[in-house]
Number of protein chains: 2
Amino acid sequence: MFATPASVPSPSTLRRAVEPATRSSELAQANAHIRRVADMLALVADAFPVHRRLVHAGDAIHQAGQVFTHLCVLNSGFVKMVNLSADGRDQIVGLKFRGDWLGFDGIAGAVHDCDAIALDTGEVWAIPYDALLAACAARPRLMAAVHDAMSREIVGDRNSLMSVCTLPADARVADFLRTWAQSLALRGLRTDQIMLRMTRAEIGSYLGLTLETVSRALSRLAREQLIHFADKGRRDIRIPDVGALDGFVQQCLAPAVATLQ
Amino acid sequence: MFATPASVPSPSTLRRAVEPATRSSELAQANAHIRRVADMLALVADAFPVHRRLVHAGDAIHQAGQVFTHLCVLNSGFVKMVNLSADGRDQIVGLKFRGDWLGFDGIAGAVHDCDAIALDTGEVWAIPYDALLAACAARPRLMAAVHDAMSREIVGDRNSLMSVCTLPADARVADFLRTWAQSLALRGLRTDQIMLRMTRAEIGSYLGLTLETVSRALSRLAREQLIHFADKGRRDIRIPDVGALDGFVQQCLAPAVATLQ
DNA sequence: CGTTCGATTGAGGAAGATCAATTAATGTGG
DNA sequence: CCACATTAATTGATCTTCCTCAATCGAACG
């Protein structure tokens, strides 16, 4: 119905080369997440006649300054959140995947606080916020799902902050890839071959690094065999073992930790 | 709004230009915020017999790993959110003031994701989450207030990320002071004389800097007369003109911006 | 009065930014 | 289909910022 057949993972397509313990637990997590997203989408579709909108790379789903009227659920595709400060700095402050909600930033001020820009072709479901509030009052599970999504966003944002504040550049890039792969895994998508839909400059923006540093970090990861570039183009990345990226992050941290002991 | 004027503004002209307009608008904002918080607290108090809990500096309001059962509203005092990652890194990821909610991070995973530690004496109102859900269904305004609080948290977290990613150390510290002062102003507290309840190390943790860098930045701000240390102790800071901190941030950014033009 | 913890300040070093040159991929018009 | 222009990515050399290490100082506390 809503959960497209393609998105249901056959266990074999999920990553193979990982510790048995984490593999099964992450598989369970992925299944739980897929179920939750499917339930949530069903709840939403059931509650209102959602407005489905097809977006292409570069399209703005909403923009900073726009009056807030709708939330959106991302049904497919990838979206970046771009924040522009009053003094002209701008930065990518978030990335969204299937099942994520967009526009929570607009609730507080009645005006959107940042741009949501599609990174490729996808579909969003627009939901008028007042209708959502009304529907939530009648459907506790829908309300819980909305809170759930907001809570996830808060946790994710904090993890981004942590990555930026506590990891050196190489580890930050590795962590970025790890998180991206995990986001895909949670949604039942394959993680061994991922297509970054962002330029080095965009990745750098998100991680607080320059594009050169991102490029160097990726080259180093490739040299250490933690990633491989698919032929023709350096945006397709093969990650033979996602778990190994954890090890790399740990290793970057090790010198500092060692001195503490 | 976005396009910085070609003629780079001298800090003084810039500050002077914005001051009269923002002064009254910030006052209006503060009044609106105070009203909103008061309304929200009344809504909460009206909906359940909230459990009021007195906390002292160092007390944990909740801790990472604890099963999530309650949200809390901070009625008075200051609270830091501390996140500990799986690999041992830890960081302050947020600061909370009167009227802020605590514990949203626990909704998604049913377990708290970080510690909430009181920075001084204060009072929190604990609210069982299931009771809140039930009450929200019956009281649209309460639900809206909860969403409002979560939205604010999301926007605030993103602004933290932006500060860390796009500002040099000195500007980051200035921005931190500016934000702290603004948080106080929004709550109707005086901003000219503020008491930091954090050590240099804690500020550094929050900003992704070492304590030495924070100390140096504060010394520089003091040297430039943007802040003054109250006698006896360097935790009490007088900010003669909060708006001037904006100018300082701008000024730190200016060299980079100038080359872009 | 000494101990401890937090803050300051200086000197040196390292991570990452900046500047610059080259290469690879993509798109465009003839 | 191919030259050409354009944008993205890589890599190197240098420089700046901030971190690290270390010494000193001040305040608070027992």
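Chain A is the first sequence line, chain B the second, and so forth, proteins listed ahead of strands; every chain is numbered from 1.
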Trainee: Using atom CD1 of I227(B) as one end and atom P of dT8(C) as the other, report the distance to the nearest whole Å.
Mentor: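 These atoms are roughly 9 Å apart.
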Trainee: Specify the angle, to 10°, made by the local axes at the two ends of the helix from dC1(C)-dG30(D) to dG30(C)-dC1(D) when five pairs are taken at each end.
Mentor: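 Result, rounded to 10 degrees: 40°.
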Trainee: Atom CG of L167(A) to atom C1' of dG16(C): distance rounded to whole Å?
Mentor: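 That distance rounds to 15 Å.
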Trainee: To the nearest Å, how far apart are L218(B) CG and dA7(C) P?
Mentor: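 The answer, rounded to whole Å, is 10 Å.
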Trainee: Looking at residues at least two apart in the chain, or sitting in another chain, which of them share a salt bridge (Lys or Arg N to Asp or Glu O under 4.0 Å) with R98(B)?
Mentor: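 Once residues adjacent in sequence are excluded, R98(B) has no partner under the salt bridge (Lys or Arg N to Asp or Glu O under 4.0 Å) criterion.
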Trainee: One thing to verify: whether D105(A) and R158(B) come together as a salt bridge, which I'm taking to mean a side-chain N less than 4.0 angstrom from a carboxylate O.
Mentor: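 Judged by the 4.0 Å cut-off on N to carboxylate O distance, R158(B) and D105(A) do form a salt bridge.
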Trainee: Considering residues at least two apart in sequence or located in another chain, which fulfil the salt bridge (Lys or Arg N to Asp or Glu O under 4.0 Å) criterion with D157(A)?
Mentor: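 Not a single residue meets the salt bridge (Lys or Arg N to Asp or Glu O under 4.0 Å) criterion with D157(A).
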Trainee: Ion pair present between R53(B) and E123(B), side-chain N to carboxylate O less than 4.0 angstrom?
Mentor: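 Answer for the salt bridge query: no.
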Trainee: Which pairs, with at least one residue in residues 180-199 of chain B and sequence neighbours excluded, count as a salt bridge (Lys or Arg N to Asp or Glu O under 4.0 Å)?
Mentor: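 Salt bridge (Lys or Arg N to Asp or Glu O under 4.0 Å) check on residues 180-199 of chain B returns D100(B)-R187(B), D120(B)-R197(B), R190(B)-D192(B).
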Trainee: Name each donor-acceptor pair under 3.5 Å that joins a side chain in residues 215-225 of chain A to protein atoms two or more places apart or in another chain, with its distance.
Mentor:
| from | atom 1 | to | atom 2 | distance (Å) |
| --- | --- | --- | --- | --- |
| S219(A) | OG | S215(A) | O | 3.0 |
| R220(A) | NH1 | D170(A) | OD1 | 3.0 |
| R220(A) | NH1 | D170(A) | OD2 | 2.4 |

Trainee: Using a heavy-atom distance cut-off of less than 4.0 Å, which residues of residues 197-213 of chain A contact DNA chain C?
Mentor: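 Residues of residues 197-213 of chain A that come under 4.0 Å of DNA chain C are, in numerical order, G208(A), L209(A), T210(A), E212(A), T213(A).
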Trainee: Determine: side-chain N/O of S219(A) to OP1/OP2 of dA9(D), distance under 4.0 Å, yes or no.
Mentor: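 No, S219(A) has no side-chain N/O under 4.0 Å of OP1/OP2 on dA9(D).
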Trainee: Rounded to the nearest Å, what distance is computed from the CG atom of residue D236(A) to the P atom of nucleotide dA9(D)?
Mentor: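 Distance, rounded to whole Å: 12 Å.
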Trainee: Using the side chain to side chain donor-acceptor pair (under 3.5 Å) rule, collect all pairs that involve residues 55-64 of chain B, keeping only residues at least two apart or in two chains.
Mentor: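 Checked against side chain to side chain donor-acceptor pair (under 3.5 Å) - neighbours excluded - the pairs reaching residues 55-64 of chain B are H62(B)-H112(B).
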Trainee: Atom CZ of R172(B) to atom P of dT17(D): distance rounded to whole Å?
Mentor: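 It works out to 13 Å between those atoms.
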Trainee: Check salt bridge (Lys or Arg N to Asp or Glu O under 4.0 Å) between D175(A) and all other residues, then give those that pass, not counting sequence neighbours.
Mentor: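 Testing D175(A) for salt bridge (Lys or Arg N to Asp or Glu O under 4.0 Å), a comparison that skips the adjacent residues, returns R178(A).
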Trainee: Sequence neighbours excluded, which residues qualify as salt bridge (Lys or Arg N to Asp or Glu O under 4.0 Å) partners of E212(A)?
Mentor: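 Once residues adjacent in sequence are excluded, E212(A) has no partner under the salt bridge (Lys or Arg N to Asp or Glu O under 4.0 Å) criterion.
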Trainee: Compile the donor-acceptor pairs under 3.5 Å between side chains in residues 233-240 of chain A and protein atoms, sequence neighbours left out, one pair per line.
Mentor:
| from | atom 1 | to | atom 2 | distance (Å) |
| --- | --- | --- | --- | --- |
| R235(A) | NE | M198(A) | O | 3.2 |

Trainee: Check the phosphate of dT17(D) against R216(B), side-chain N and O only, distance under 4.0 Å to OP1 or OP2. Yes or no?
Mentor: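 Answer no for this pair, as no side-chain N or O of R216(B) is under 4.0 Å from OP1 or OP2.
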Trainee: Please report the distance, rounded to the nearest Å, between CZ in R235(B) and P in dA27(D).
Mentor: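 Whole-Å distance recorded here is 14 Å.
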Trainee: Tabulate atom names and distances for all N/O pairs under 3.5 angstrom spanning the protein and nucleotides 26-28 of chain C.
Mentor:
none

Trainee: Return the value, rounded to whole Å, for the distance between atom CE of M195(A) and atom C1' of dA8(D).
Mentor: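 Rounded to the whole Å, the gap is 13 Å.
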Trainee: Give the rounded distance in Å between these two atoms: CD1 of I237(B) and P of dG6(C).
Mentor: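 Between P of dG6(C) and CD1 of I237(B): 17 Å.
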Trainee: Please identify each residue that fulfils ring-ring contact (aromatic ring centres under 6.0 Å, His included) with W180(A), with sequence neighbours left out.
Mentor: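 Per chain and number, W180(A) pairs via ring-ring contact (aromatic ring centres under 6.0 Å, His included) with F78(A), F97(A), F176(A).
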